[in-house]
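In what follows, a structure is listed as structure tokens, so that the remarks can point back to it.
Heads up: numbering here begins at 1 and tracks the sequence. Just so you know, these numbers come straight off a predicted model, no measurement behind them.
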Amino acid sequence: MQTQNRANPWQDGLGRVSIRAGQLLMLLALTAVLIYGLIQVRLVVIPLLLALILAAAIAPLVNWLRRKGWPSAAATGFSFLLALGGLVTAIVFAVIGQSGELARSATAGFDQVYAFVRTGPIPVDDQQIQQARDAVLDFVTSSTAGAGVVTGLSAAGTFITGALLMAVILFFFLKDGERIWAFILRAFKGTRLVKARRVGQDSLAVLGGYVRGTAIVAIVDAFFIGLALVVLGVPLALPLAAIVFIGAFIPLVGATLAGVLAALVALVANGPVTALIVIIVVIVVNQLEGNFLQPVVMGRTLSVHALVILLALTAGTILAGIIGAILSVPLAAVIWAAIKAWNEKTDAQITAEDVSRAEQETSRDAHGQLSAAAATDHPSREPAVSESRAGQGTEE
């Protein structure tokens, strides 16, 4: 028997490593095929993810109105119009309405910087500057890496289709979120149902907390930087403040890019002194946000190391351009929260009472009623996340 075992090449150490390597290659191939398939249906995937993120942030308001006696449709409609009709529409029209002038000012500012660099004391190759310019334009227009997500969505018809689809999905997520979740949970029974509900509760808490916290940080950044632009007399202060708000949703680099754009516009309109003051204001606001505001607002929301955020940001940008940069970090945080929630308890640690409670809550959700977690606007258990800063977080 021992001779037969020795003769089997898959029984020794090298054979076991080969088996694991083959399994890893198959997983990588499956992941690549899955990502490729999602990219092909990006017109559905992107609105779906955006609607899910917005629903996670708005759902507490809908639940609060329903507890106050509002009908489900009325609570959903009011929250829906408040979110999309108010904030999103104002931001979009603030940017689109003056996008042409904003682009011209930014281009003129870049040309001034370009001329200064060419004649400056440190020689820089023209090709290097052109490559840097093209890289920034590729990021903004998402024309890199062959994904072309935002390039495709930039066509008027496709963009309108995606926006309408996102609005419809968001409305149904807010109105029938419990029923949709209960339908998904039909695939789980017993202890797996308990784990699946815990995954959903923790993931929704992390996603909603991240979006609401980032929105608060973005509003503060946009207000103070926009106020500085108004005081300094920089034109296009409103669209620049809106871009600052949007840029705050891209960790690590979004606020910096928005600040650079504001400085370029200030350079063209008011000269180098004003542009330098704008840069100083942007740096001060970003430092105050990173060291004081983010730890308070988002301290218990995100427990992802800054390196993980950077890798997720890079991968998202490669796959889906600027939309991928916005979506990648919250999705990475949700995946990590889901993994921790699924593995928090073994099957043996889950009692029959836990299973019965999960079945009752799922049945209640299937009838469109608020479960215990939704009724209190937070999950029935505290997510196991450590205090850390989003974008500058530290591992537990």
Practice task
Go through the steps to decide whether Arg197 and Trp181 satisfy the test side chain to side chain contact (heavy atoms under 4.5 Å, CB included), and finish with yes or no.
Solution key: CA-CA 9 Å; Arg197 288 195 63 87; Trp181 179 232; 4.1 Å; yes

Practice task
Tell me whether Leu50 is reachable from Ile335 by hopping between hydrophobic residues (I, L, V, M, F, W, Y) whose side-chain heavy atoms are closer than 4.5 Å.
Solution key: no

Handout entry: Check: Asp176 side chain, Phe172 main-chain N or O, donor-acceptor pair, under 3.5 Å
Key = no

Fill in the blank from the handout: Separation between CD1 (Ile53) and CG (Leu327), nearest 0.5 Å, reads 4.5 Å

Practice task
Check whether Leu204 and Val206 end up in the same hydrophobic cluster, where Ile, Leu, Val, Met, Phe, Trp and Tyr are linked by side-chain heavy atoms less than 4.5 Å apart.
Solution key: no

Problem - Pairwise side-chain contact, Pro235 with Asn270, heavy-atom cut-off 4.5 Å (strictly under) - result: yes

Exercise for the section: Starting at CG of Leu229, measure out to OG1 of Thr274 and round the result to the nearest 0.5 Å. Expected result: 10.5 Å

Practice task
Taking all non-hydrogen atoms of both residues into account, name the closest pair between Leu313 and Ala325 and its distance.
Solution key: CD1-O, 3.4 Å

Completion exercise
With sequence neighbours left out, the residues meeting salt bridge (Lys or Arg N to Asp or Glu O under 4.0 Å) with Lys195 are Asp347

Handout entry: Evaluation steps, side-chain hydrogen bond (donor to acceptor under 3.5 Å, both in side chains), between Gln360 and Arg357
Key = CA-CA 5 Å; Gln360 291 176 3; Arg357 186 185 305 112; over 6 Å; no

Handout entry: Where Ala57 and Arg212 come nearest, the two heavy atoms and their spacing
Key = O-NH1, 3.3 Å

Practice task
Take Arg192 and Glu359, measure what salt bridge (Lys or Arg N to Asp or Glu O under 4.0 Å) needs, and give me the verdict at the end.
Solution key: CA-CA 11 Å; Arg192 293 185 178 274; Glu359 292 174 347; over 6 Å; no

Practice task
Report yes if the side chains of Lys345 and Thr191 come closer than 4.5 Å at any heavy-atom pair, otherwise no.
Solution key: no

Problem - Pairwise distance CD1(Ile326) to CG(Leu49) - rounded to 0.5 angstrom - result: 12.0 Å

Exercise for the section: Identify the residue among Leu52, Leu331, Asp202 that makes a side-chain contact (heavy atoms from CB on, under 4.5 Å) with Leu207. Expected result: Leu52

Exercise for the section: Just do the side chain to side chain contact (heavy atoms under 4.5 Å, CB included) check on Phe188 and Val199 with the steps written out, would you? Expected result: CA-CA 12 Å; Phe188 300 92; Val199 167; over 6 Å; no

Practice task
Flag the pair Asp221 / Phe245 as yes when at least one side-chain heavy-atom distance between them is below 4.5 Å, and no otherwise.
Solution key: no

Problem - Test item: Ile243 and Leu261 side chains (from C-beta on) under 4.5 Å apart, heavy atoms - result: yes

Problem - Side chain proximity check, Ile58 to Leu82, heavy atoms < 4.5 angstrom - result: no

Practice task
With the side chain counted from C-beta on, respond yes when Val284 and Phe224 share a heavy-atom pair under 4.5 Å apart, and no when they do not.
Solution key: no

Handout entry: Approximate separation, where rounding is to 0.5 Å, of Leu267 CG and Leu276 CG
Key = 10.5 Å

Problem - More than 12 heavy atoms from other groups under 6.0 Å of CD on Gln349 - result: yes

Practice task
Might you point out which heavy atoms bring Ala338 and Ser203 nearest each other, and give the distance in Å?
Solution key: CB-OG, 3.6 Å

Exercise for the section: Decide yes or no for Thr317 and Ser328: does some side-chain heavy atom of the first lie under 4.5 Å from some side-chain heavy atom of the second? Expected result: no

Problem - Exercise: identify the closest heavy-atom pair between Ser79 and Leu65 - result: OG-CD1, 3.7 Å

Handout entry: Shared hydrophobic cluster for Val281 and Val273 (ILVMFWY, side-chain gaps under 4.5 Å)
Key = yes

Practice task
Decide yes or no for Leu54 and Met166: does some side-chain heavy atom of the first lie under 4.5 Å from some side-chain heavy atom of the second?
Solution key: yes

Handout entry: Crowding at CZ, Phe171 (>12 non-hydrogen neighbours, <6.0 Å)
Key = yes

Fill in the blank from the handout: Shortest non-hydrogen pair, Phe249 vs Tyr210, comes out as O-OH, 4.2 Å

Practice task
Output yes when a side-chain donor or acceptor of Arg66 lies under 3.5 Å from a complementary backbone atom of Asn63, and no otherwise.
Solution key: no

Practice task
Would you kindly confirm whether Phe223 and Val234 end up in one hydrophobic cluster when ILVMFWY residues are joined by side chain heavy atoms under 4.5 Å apart?
Solution key: yes

Practice task
Work out which heavy atom in Thr362 is nearest to a heavy atom in Ala358; give both atom names and the distance.
Solution key: OG1-O, 2.8 Å

Exercise for the section: May I ask you to decide if Ile350's main-chain N or O and Asp354's side chain share a donor-acceptor pair within less than 3.5 Å? Expected result: no

Handout entry: Leu165 side, atom CG; Thr161 side, atom OG1 - distance, nearest 0.5 Å
Key = 8.5 Å

Problem - Salt bridge flag under 4.0 Å for residues Glu361 and Arg198 - result: no

Exercise for the section: Tell me whether Ile279 is reachable from Val244 by hopping between hydrophobic residues (I, L, V, M, F, W, Y) whose side-chain heavy atoms are closer than 4.5 Å. Expected result: no

Exercise for the section: Starting at CG of Leu232, measure out to CG of Leu227 and round the result to the nearest 0.5 Å. Expected result: 9.5 Å

